[in-house]
Each structure stands twice: as structure tokens, then as C-alpha cells.
Peer 1: 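Before anything else, here's the structure in question.
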Amino acid sequence: MSSSEQPARADARVSTGVPGLDSVLGGGLVPSGVYIVVGEPGAGKTLLANQLCYHQARGGARCLYVTLLAESHSRMLANMRDMAFFDPALLPEGVYYVSGFRTLEEQGLPGLLELLRREVRTHNASILVLDGLVQAQEAAGSNRDFKKFIHELQVAAGLARFTSLMLTSDGPTVHPEYTMVDGILELRERTAGVRSWRELQIRKFRGSPTLAGVHNFRVTSAGLEVFPRLEARVRRSPPPDPGAHRIHFGIHSLDALFPEGLAAGSTTLVLGPPGVGKTMMGSSLLAEGLRQGEPCLYMGFYEPPNRLLNKVASAGIDLKGAVADGRLNLIWQPPAECILDVLADQLLEDVRRRKVKRVFVDGLSAMSQSTPESSRMASFFAALTQELRCEGTTTLFGLETPRLFGSVLDVPLETGPSAVAENLFFLRHVELEGRLRRLLSIFKLRDTDYDPTLREFVISRQGIEVLPPFSVNVDTLLTGLARHPGGGHS
């Protein structure tokens, strides 16, 4: 049995140094493996390979980077000089650059293979990058010669104990010989309208399971950063039993509608059009948690932190002190071109780090509208709420509905967030007797009794108050256009 046919060893994985990528790979690259990184020009292949090399060199490894008709080494280094991972002190001992194009031209694949073996031995390299595999493929006399080159590189990697990355711009499904390698990582850029985003997918990986599906990544001054898809890594175990612990809003007239309170660790959805009071209701939930000594988190999309704090203060909800002393964290994200998994990472990282017990996400609709993959929202929301429940966190989401008035309620009761949330509140404006009022109704509360009557929801400088059921005899309150029975519009 040849070295390339040996089963993968149980050595420690080779960390890529790319945040999130090791998680997608199940721990990193398998030592002595041969991998292809494929993607169109500009997809990020060269950056990924260099980031891996400098990360490994920083830990004491030696890396060999061989180019074939790629950009010059001086230009490559100049393009990386502002990257956080780049360290010129690691040159040339830690990372050594070699051009193999002339050898390939003059001696073909056998000469290139000998160059790779010789340079690996000379520099005692544990990482080999071959940038420009498509050039080697074009230089091959036949598909058989190219397969032989890959096979012999695998044998060399097994004998000399180095891990190899080969970068190419050809697609992974074009060449059957690519199936010989230990793994194929595909980078791509997608465009919809005027917007573009980057994706990574593991097409093949020997040695362990990987996170399935497509994962977003971005390129910043720190290099590549991968955001594993939340649905692929969500915990499948049931969340902990909250026991008898219950959650209240701290508003007597509101809490009186469901005296037992909400179940701790549950998910609540508050639906309503703009200006109806969703932010005030969610902020009240946080304010009560702070009074109970619980760390809290607010994630919003519409109002910057200062404006939010002033707004809720005008209704008697003072959150400024809790923000100042760190008991309440505010995460604000303008609703433009968000990456869902970035938002999930920000939220869940803070929940885990500070052991947050109450979260208010003010703008679930902004999440949906700002991503090009709106069809993903149902599964994403289910995964996010599952993670929050597993952390024992009680969460309230505000979901904006598009209509101020009308007979259509715009409540997605069959699928999506409304089906996943245990508790569902509905806020709406209603025009009654020449006056615009706010209406509150409870659609469902799981595992507790509640008052189903329609109530007026009042916001004033004294705070929030839920009034008794409407005393006037009117129909169609939920449409926002109330009428007296048998009469015209009131």
C-alpha cells in the first residue's frame, strides 16, 4: 500500500489560522494531506494560503510557497503588507517563496515535482503551497500525466510529512483527477443586483466530517474570516428545563394579563407596524431583568444607541446606568447588507461571555431584508432560538409588519418565526372615534394562561400602561379601522 493510500493518521490537526475555517473543517487540515483550493481570480485563494503559512510559521513551522506564473513575489508581499497576519520577520526562515515556472517550462511536471521535493527537504517544510496548479495541468501531456503528478505529490507528502495546498482557478467538477486529493475547498463570489458576497464550501474532505453547506466569509485587514453557517452547527440536544423560573416585564398592568409570567428561556415575538411600541415593550423586559440582577443584551438595527437610550428614557425606562456599568450591552448594526452568521456570532458570543439572561432583538425584519438570502430566515431563526434556549436565555424579537391599517394582519402563523416562538404578542394602531390608539392582543403563550381580550396599550412619560378592555362597542378592532356594530366608521 502506497503512502497516499494509507489511512489518515490521528495526529493533531493543522490549523489554518483563518477564524472559523477550522470549525468548518472539523478541527483543521489533516497532516500530510494534499488539498486543492479552487476559485475564480480574486476569490481569496492566495490570501488564504498566505494566512495559513504565516500562522504556522508564527508557531515555529516552516512553510514553502511555490508560484507558477502568478504575481511576482515582491508584488504579493506588497499587497499583504497591511494585513494583520503578515510579519516580515518570518521571512525567509518561516515562509520561503520560490518560483517554479521556469522549471515547469523547461523540465515539465517531472522537473517541477523534483523541485518541490528538493525545496521541501532543503527548508524542512511542513507546509507546501503550490500557487497556479492550472499551469501545471496545462503543461501535462495528458490527463494520465497530471494524475500521476498529483499521486506522486501525495506520496511525497506522506513520506516527508508535509501538508500541501494547491491553488487553481478551475472548477472542482471539471477534472475527475481532482477526486484523488484529500480535500477540495471552493471559494466564490456571488452577486445579486448591486451587491456581492463571498462564500466557501467544502466539496470534499477525507479524515473527518465537515460542516455541510455554504458558509459566508469576508476579507478585511485581518485577512479571511469564515462564519460557519449557524444551521450546520446548532446544538441538537434539548435545551435545559427552566423549572419554575418565570419572566415578567415589570409593568403591572401588562404582567397581570399572564400572572404566571413567561417561561424562562422561551422565545417571544412582538409583531406590529412602526411606532406602535415594540421597542418600548422589549426595553421594559430588559429593564426588569436588570432590576433582577440579570445581565442583558439589546441588538438593534434602526436606532443608534444614544437615540435609543433617550427614546426609552422619555417613557420612564432608564437604561443608561446599566450600559455604563456593563450590565447591559448594546449591539447596533445599520440595516444594510448584513451577513446573518456575523450577527449570530456577535449575539451568541456576548450571551456566552457575559452569561446573558435576557435578549431583545429590535428588528427581525431588518435581518431578513438586509440579507440576499431571505428564504433562509426561517431555518436561521429556528437555529438561533435553539442556541439561545440552550444558553437558558429569554429572548424577545420585534418583527415589523408592513401595514398600519387594513383587514390583512401580515402574521406568518404557519411557518417561520411565528411558528417557532413560544409566545406571540401583536401590537397595532387603531383609529377609533377620531383618535389614533395602540392596541395589544396576545395570540399565544405557551404553558401558561393569559387574558385574550383586546387592550389599549398606552405609552406616556410615566411609562407603559395596559388599559382594561375597550369599553365602547365596536367591531374589527384588529384591522385598525374600528366600526360600531350596524353603523358606519366611528
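What you see below is based on every heavy atom in this structure, not just the backbone, and it leaves out hydrogens, waters and symmetry mates.
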Peer 1: For E387 and R235, run salt bridge (charged side-chain N to carboxylate O under 4.0 Å, His left out): C-alpha distance rounded to whole Å, both residues' side-chain angles, the deciding distance at 0.1 Å, then the answer.
Peer 2: CA-CA 7 Å; E387 285 296 294; R235 280 173 278 188; 3.3 Å; yes
Peer 1: Tell me, yes or no, whether the heavy-atom count around D447 atom CG, taken from other residues, nucleotides or ligands under 6.0 Å, exceeds 12.
Peer 2: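 Count not over threshold, so no.
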Peer 1: Should L427 and M281 be marked as a side-chain contact (heavy atoms from CB on, under 4.5 Å) after you check the CA-CA gap, both sets of side-chain angles, and the distance that decides it?
Peer 2: CA-CA 10 Å; L427 293 170; M281 191 169 175; 4.2 Å; yes
Peer 1: May I ask you to decide if A264's main-chain N or O and K357's side chain share a donor-acceptor pair within less than 3.5 Å?
Peer 2: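 No, K357 side chain to A264 backbone: no donor-acceptor pair under 3.5 Å.
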Peer 1: Using a strict threshold of under 4.0 Å (side-chain N to carboxylate O), is an ion pair present between E231 and R376?
Peer 2: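 Between E231 and R376 there is a salt bridge, with a charged N closer than 4.0 Å to a carboxylate O.
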Peer 1: Report the C-alpha distance between Y298 and L308 in whole Å, list the side-chain angles of each, state the deciding distance to 0.1 Å, and finish with yes or no for side-chain contact (heavy atoms from CB on, under 4.5 Å).
Peer 2: CA-CA 10 Å; Y298 171 93; L308 167 76; 3.4 Å; yes
Peer 1: For R461, is the CZ atom crowded, meaning more than 12 foreign heavy atoms sit under 6.0 Å from it?
Peer 2: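 No - once you tally the heavy atoms of other residues, nucleotides and ligands closer than 6.0 Å, there are 12 at most.
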Peer 1: Side-chain contact test, heavy atoms from C-beta onward, threshold under 4.5 Å: evaluate it for L297 versus V351 and give yes or no.
Peer 2: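 Side chain of L297 against side chain of V351, heavy atoms only: contact under 4.5 Å found.
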Peer 1: Indicate yes or no: at least one non-hydrogen side-chain atom of E288 is less than 4.5 angstrom from one of F249.
Peer 2: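 Not touching, per the 4.5 Å side-chain cut-off.
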Peer 1: We want to know whether T453 and R455 form a side-chain donor-acceptor pair, criterion being a heavy-atom distance below 3.5 angstrom.
Peer 2: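 Per modelled atom types, T453 and R455 side chains form a pair under 3.5 Å.
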Peer 1: Establish, from distance only, whether the side-chain atoms of Y54 and D87 form a donor-acceptor pair under 3.5 Å.
Peer 2: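 Y54 vs D87: no donor-acceptor pair found between side chains.
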Peer 1: Starting from the C-alpha separation in whole Å, work towards a yes-or-no answer on ring pair (Phe, Tyr, Trp, His ring centres under 6.0 Å) for F425 and F258.
Peer 2: CA-CA 12 Å; F425 291 81; F258 42 98; 5.7 Å; yes
Peer 1: Can you tell me if E349 has over 12 outside heavy atoms packed within less than 6.0 Å of its CD?
Peer 2: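 Yes.
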Peer 1: State which residue, out of L340, N216, I339, fulfils the side chain to side chain contact (heavy atoms under 4.5 Å, CB included) condition with T371.
Peer 2: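 The residue from L340, N216, I339 that satisfies side chain to side chain contact (heavy atoms under 4.5 Å, CB included) with T371 turns out to be L340.
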Peer 1: Are more than 12 heavy atoms from other residues, nucleotides or ligands located less than 6.0 Å from atom NZ of K355?
Peer 2: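 No.
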Peer 1: Looking at OH of Y65 and OG1 of T46, how far apart are the two atoms once the value is rounded to the nearest 0.5 Å?
Peer 2: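 Reported value, rounded in 0.5 Å steps: 4.0 Å.
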Peer 1: Counting only N and O atoms by type, is there a donor-acceptor contact under 3.5 Å from the side chain of H248 to the main-chain atoms of L285?
Peer 2: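 Not a single qualifying donor-acceptor pair exists.
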Peer 1: Could you tell me the separation between the OH atom of Y35 and the CZ atom of R206, rounded to the nearest 0.5 Å?
Peer 2: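 It comes to 9.5 Å.
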Peer 1: State, without any angle test, whether D82 and S221 hold a side-chain donor-acceptor pair at a distance under 3.5 Å.
Peer 2: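 No, no side-chain donor-acceptor pair sits under 3.5 Å.
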Peer 1: If the threshold is 4.0 Å, N to carboxylate O, is there a salt bridge linking R188 and E40?
Peer 2: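 E40 and R188: not salt-bridged.
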Peer 1: Apply side-chain contact (heavy atoms from CB on, under 4.5 Å) to the pair F86 and N50, showing each step before the final yes or no.
Peer 2: CA-CA 8 Å; F86 178 69; N50 275 283; over 6 Å; no
Peer 1: Got a donor-acceptor contact below 3.5 angstrom from the R13 side chain to the G28 backbone?
Peer 2: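 It does hold such a pair.
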Peer 1: Can you find a side-chain donor-acceptor pair between S15 and H55 that sits under 3.5 Å?
Peer 2: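 Yes - a donor-acceptor pair under 3.5 Å links their side chains.
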Peer 1: Answer yes or no: is there a side-chain heavy-atom contact under 4.5 Å between E465 and H252?
Peer 2: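 A side-chain contact under 4.5 Å is absent here.
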Peer 1: Under a 3.5 Å distance rule, please check whether K45 uses its side chain to pair with a backbone N or O of G39 as donor and acceptor.
Peer 2: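 Yes.
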Peer 1: With the threshold set at 4.0 Å, does a side-chain nitrogen-carboxylate oxygen contact exist between D345 and R233?
Peer 2: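 Judged by the 4.0 Å cut-off on N to carboxylate O distance, D345 and R233 do form a salt bridge.
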Peer 1: Is E422 salt-bridged to R389, cutoff N-O under 4.0 Å?
Peer 2: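 Between R389 and E422 there is a salt bridge, with a charged N closer than 4.0 Å to a carboxylate O.
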Peer 1: For residues E189 and S196, is any side-chain donor paired with an opposing acceptor at under 3.5 Å?
Peer 2: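 Short answer, yes.
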Peer 1: May I ask you to decide whether E303 forms a salt bridge with K311, counting only side-chain N to carboxylate O separations under 4.0 Å?
Peer 2: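 Yes, E303 and K311 are salt-bridged.
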Peer 1: Run the ring pair (Phe, Tyr, Trp, His ring centres under 6.0 Å) test on F397 and F360 for me, step by step, so that the C-alpha distance in whole Å, both residues' side-chain angles and the decisive distance to 0.1 Å come before the verdict.
Peer 2: CA-CA 6 Å; F397 291 87; F360 173 37; 8.9 Å; no
Peer 1: Does R81 have more than 12 heavy atoms from other residues, nucleotides or ligands lying within 6.0 Å of its CZ?
Peer 2: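 12 or below, so no.
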Peer 1: Taking C-beta and beyond as the side chain, do L257 and Y450 meet within less than 4.5 Å on heavy atoms?
Peer 2: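 No, side chains not in contact.
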Peer 1: Does the pair E373/R229 count as a salt bridge with the N-to-O cut at 4.0 Å?
Peer 2: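 Result for this pair is no, no salt bridge flagged.
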